[in-house]
Amino acid sequence: MSIANPTAPSPLYRAIWRWHFYAGLMVIPFMILLAVTGSTYLFKDELNRIFYAQYLVVEPQAQAPLAPNDIKARALAVLPGTATSYLPPNADDASAIVTIKGEAGKQRVYLNPYSGDVLGILSDGGAARSPIMLLIRKIHSLDYFGWVANRVIELVAGWAIVLVVTGIYLWWPRNKGVGVFKIRAGAVKRPFWRDLHAVTGLYTGAFIVFLAITGLPWSGFWGDKVNTYVNEAGIGYPTGYWENVPVSTVPMKEAMTEVNWTLENAPMPESTPTGAPAFSLTQAVATFDQLGIAKGYAVDLPQGPEAVYTASVYPDNIADERIIHLDQFSGRILFDAGFKDLGAGGKTIEWGISVHMGQEYGLLNQLVMTGACLAIVAMCVSATVMWWKRRPKGSLGAPRYPSDYRVAKGAIVILALLGLAFPLVGMSIIAALVIDFLLPRPEKVINA
């Protein structure tokens with residue numbers, strides 16, 4: 001008579017182990033890419049200041065800087081086109097920056113604000129503030145690889161959460177010598193790699209889930225749907241700000257250099273032509289300064305008779321986040337809102353994004369997020385090594401199919417909940433379940 005081995009993995013354990021394996025197989029390359037680019041982008045400002053010092057840093061002078069109008073005129077003299085934005089110096093040793101749209105697309109002219117001398121010209125870096133950081137940001141979001149790849153971000157984030165949840169289950173102490181809290185001394189070969197993988201995951205799992213969830217607002221499907229829900233539910237942007245203001249059909253994300261997530265789909269307000277001359281850039285900058293907006297802001301210039309002057313800033317202290325729109329003719333404040341004006345949903349997501357990007361809490365946050373990224377790389381490498389060492393020659397080496405898939409209901413419930421929370425992940429789970437069910441599998445083996 002056959003007797004079941006009491007130490008053999010249960011069907012539920014085997015099912016979760018199999019799904020953990022497949023989830024890792026799908027996302028490991030993406031996880032490494034996201035970790036490397038993400039940890040680099042955490043230090044965007046510091047790296048920009050190193051790589052582009054000749055463009056960004058000037059010698060402080062005792063005299064006052066030139067007027068913004070004069071700086072813009074000097075930029076247009078060396079690079080003809082249409083000025084689209086102006087970045088005032090954010091410190092005594094900082095350059096002024098004018099973005100110009102010309103035959104070669106958008107480019108930025110860097111100028112000494114005291115003398116008006118041109119320090120150099122670079123392609124427009126947008127919110128990343130430099131070409132190389134823009135490239136890293138686009139690779140990190142997979143936007144660099146096209147529309148379809150950008151949607152993969154949601155799949156990677158969702159499956160990363162699957163990995164953490166299933167990984168904790170597999171780690172959970174049972175009478176099998178697993179569930180260790182440290183890498184055991186003297187461990188060699190696969191036990192070392194298993195300990196490295198499990199222990200690293202144990203201590204960083206919460207950070208991985210946090211990074212996955214706070215990265216999702218940028219995803220094309222989930223992020224857009226949640227943005228719509230948050231704002232329609234009245235817990236996002238302050239809708240009352242548009243009650244007595246003419247608005248256009250242009251969303252802020254299409255008209256501004258940088259806009260926060262909550263307001264990216266909000267409408268741009270419109271100026272009302274009066275026949276009077278439009279405000280000059282110098283007047284607009286003076287108004288923004290008088291309103292007390294934090295340094296480091298960018299000014300988007302009006303691109304038509306009904307367009308507005310816009311100042312926006314997203315500093316390390318999220319409490320100072322702010323957007324101001326001015327009527328270009330009257331100077332009337334059409335919109336002035338910051339972090340404090342957002343609803344609970346908007347505040348929560350904006351805070352998560354700020355922490356995700358290493359801005360809030362300064363250097364400590366940058367180091368913690370970097371540590372999480374390094375842990376992700378270590379886990380991916382250790383998982384790959386374990387797989388390579390244990391796989392049979394000529395085989396994928398996936399964990400054995402459960403002897404009775406019907407008892408693995410717990411695994412299905414976990415995956416179903418994640419699928420409901422993240423629809424694209426849900427569809428991929430269904431597809432993977434169908435494929436896994438249809439694949440030929442070995443006959444049931446009963447341990448004797």
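Computed from a predicted structure; not experimentally measured.
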Is there a donor-acceptor pair closer than 3.5 Å between any side-chain N or O of [X] and the backbone N or O of [Y]?
X	Y	value
Q63	S115	no
S95	Y55	yes
S312	E258	yes
E321	I318	no

Is there a side-chain contact between [X] and [Y] in this structure, where contact means two heavy atoms from C-beta onward sitting under 4.5 Å apart?
X	Y	value
L301	Y309	yes
S130	F51	no
V58	P113	yes
L216	E154	yes
Y41	M133	yes
L326	F288	yes
D93	E59	no
M379	I208	yes

Which atoms form the tightest heavy-atom contact between [X] and [Y], and what is the distance?
X	Y	answer
A255	V250	CB-CG1, 4.2 Å
A372	L211	CB-CD1, 4.0 Å
E360	D316	OE1-O, 2.8 Å

What's the spacing between [X] [atom1] and [Y] [atom2] if we round to 0.5 Å?
X	Y	atom1	atom2	result
I323	T310	CD1	OG1	8.0 Å
K138	L134	NZ	CG	6.0 Å
D300	T84	CG	OG1	7.5 Å

Tell me if the [atom1] atom of [X] is crowded by more than 12 foreign heavy atoms within 6.0 Å.
X	atom1	result
F207	CZ	no
K347	NZ	yes
F329	CZ	yes

Before giving the answer on side-chain hydrogen bond (donor to acceptor under 3.5 Å, both in side chains), spell out for N260 and T262 the whole-Å C-alpha distance, their side-chain angles and the decisive distance to 0.1 Å.
-> CA-CA 6 Å; N260 60 23; T262 310; 4.9 Å; no
Checking side-chain hydrogen bond (donor to acceptor under 3.5 Å, both in side chains) for the pair Q366/E46: CA distance, chi angles, key distance, verdict?
-> CA-CA 11 Å; Q366 290 174 298; E46 293 83 353; 3.3 Å; yes
Does the separation of the ring centres of H356 and W218 fall below 6.0 angstrom?
-> yes
Is the shortest side-chain N to carboxylate O distance from K340 to D320 below 4.0 Å?
-> no
Is it true that the side chains of Q328 and E306 contain a donor and an acceptor less than 3.5 Å apart?
-> no
Do N265 and N227 have side-chain atoms, one donor and one acceptor, less than 3.5 Å apart?
-> yes
Walk me through it: do D289 and K295 pass the test salt bridge (Lys or Arg N to Asp or Glu O under 4.0 Å)?
-> CA-CA 9 Å; D289 287 339; K295 287 187 176 182; over 6 Å; no
Look at the rings of H325 and F335 and say which category their plane angle falls in: under 30° parallel, 30 to 60° tilted, over 60° perpendicular.
-> tilted
